[in-house]
Amino acid sequence: MYLEKGYLEKKIDPSLDLFKEISHLKKEKNAIILAHYYQDADIQDIADYIGDSLGLAQQAKKSTADIILFAGVHFMAETAKILNPKTKVLIPDLKAGCSLADSCPPNEFSAFKAAHPDHVVLTYVNCTAEIKALSDVIVTSTNAVQIVESFPKDQKIIFAPDKNLGAYINKVTGRNMVLWNGACMVHEIFSLEKLIKLKAQHPKAIVLAHPECEAAILEHAHFIGSTTALLNYSKKSEAHEFIVLTETGIIHQMQKSSPGKTFIPAPPNNSCACNDCPYMKLNTLEKIYNTLKYEQPELLMTEALIVKAKKPIIRMLELSAQFGL
Ligand code: 13P
Ligand code: SF4
């Protein structure tokens, strides 16, 4: 299915200014770089657009570039390809997957779906294209609550793959969606004990959390939302200190937008001080340079899969537009 497995290793002249070289390659090849907030700061700084999953999908769909280099993870690049199949989509490292997407294998999900025949299938965008092809509507953390609420109260719903986001939506909407038992390895390992201590040390800090966190963590949050929503909240808030319960990459944009404010990454339940996504962090400036230069690895998908996976994503984009998102 793919031209390359993983990352194309080519030696790079260490004297090169990679920021300049990448800018030059972008112009020469009419390429754009779409980056997620969880990317390293230097990758965010060379991106043409930085956003959350919904924003990135919307940008990919309307792009007129010849090449989209997707600095994020595999399911995000797949979504870009599905929405803009004629464009060449490059991903710096094909091994940049997602533990949440991996927690939902298509054969097991098909059986789960078959066991709930009268249910609508709502699926979080953090899943493979095969899972999207088995879904009725895709959601992201930005639009999930509104999309669920667009269905009648008595509509039976399956929600996959994130049980934490699903439980959060059930709580907010009063629904009883049947949840797939998946989770994100990054958001699941925030330490409740360390969070309580941190809050005691910073009693004025506002706690911002992504809904992929566990319910016990979310109970401590002042605000819960997608990465873009967390960023926007931090910009508008008059508070000076924030404890951030999502991947640490987002703090780069928070700090850039509000230089006078302090952002404290909430610690995980291991010896690390920060909580980085190992998949997102596979991408580097060096890999981006090689990927643009050699136009590999390229993300390729079959036409049949693109057609099947596109329907529920388009449904999501149409609903999002109705909600003004
Ligand atoms: P959003 O940026 O859409 O909130 O998603 C977070 C995430 O976990 C991406 O992998
Ligand atoms: Fe997947 Fe979690 Fe990494 Fe996002 S942060 S890409 S959900 S493993």
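All ligand and atom numbering here is 1-based and tracks the order in the structure.
The single protein non-hydrogen atom nearest to atom 8 (S) of ligand 2 is S99 OG, 3.4 Å, given as residue, atom name and distance. Of the protein's non-hydrogen atoms, N126 ND2, 3.1 Å is the one closest to atom 7 (S) of ligand 2. Nearest protein heavy-atom neighbour of atom 9 (C) of ligand 1: M76 CE, 3.6 Å.
Backbone and side-chain nitrogen or oxygen atoms of E212 are examined, and one is located within less than 3.5 angstrom of a nitrogen or oxygen of ligand 1. Considering backbone and side-chain atoms together, S226 places no N or O closer than 3.5 Å to any N or O of ligand 1. On a distance-only criterion, S53 and ligand 1 share at least one N/O pair closer than 3.5 Å. Note: an N/O pair closer than 3.5 Å links S141 and ligand 1 by distance alone.
Neither the backbone nor the side chain of Y37 has any atom closer than 4.0 Å to an atom of ligand 1 (non-hydrogen atoms only). Of the heavy atoms in E247, none comes closer than 4.0 Å to ligand 2. With a heavy-atom cut-off of 4.0 Å, T140 does not touch ligand 1 at all.
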Residue pair K293, E21: steps toward the salt bridge (Lys or Arg N to Asp or Glu O under 4.0 Å) verdict: CA-CA 9 Å; K293 186 168 177 186; E21 296 297 325; over 6 Å; no
side-chain hydrogen bond (donor to acceptor under 3.5 Å, both in side chains) between H252 and D40, intermediate numbers included: CA-CA 8 Å; H252 179 57; D40 276 334; over 6 Å; no
Intermediate values then yes/no, salt bridge (Lys or Arg N to Asp or Glu O under 4.0 Å), K261 and E241: CA-CA 6 Å; K261 298 179 184 173; E241 264 190 326; over 6 Å; no
Audit row: S53, T140, side-chain hydrogen bond (donor to acceptor under 3.5 Å, both in side chains) steps and yes/no: CA-CA 7 Å; S53 308; T140 75; over 6 Å; no
D52 and T228: CA distance, side-chain angles, deciding distance, side-chain hydrogen bond (donor to acceptor under 3.5 Å, both in side chains) verdict: CA-CA 6 Å; D52 66 0; T228 299; 3.1 Å; yes
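Side-chain polar atoms of T248 and D276 form a donor-acceptor pair below 3.5 angstrom.
Ligand 1 is never approached by E247 to a heavy-atom distance shorter than 4.0 Å. Heavy atoms of N126 come nearer than 4.0 angstrom to ligand 1 in at least one pair.
Using a cut-off of 2.8 Å, one finds that C184 contributes an N/O/S atom close to atom 2 (Fe) of ligand 2. Among the backbone and side-chain atoms of C277, an N, O or S atom lies under 2.8 Å from atom 3 (Fe) of ligand 2.
Outside the 6.0 Å centre-distance limit, the rings of W180 and F159 are not counted as a close aromatic pair.
In this structure, Y38 and H187 have tilted ring planes: the angle between them lies in the 30° to 60° band.
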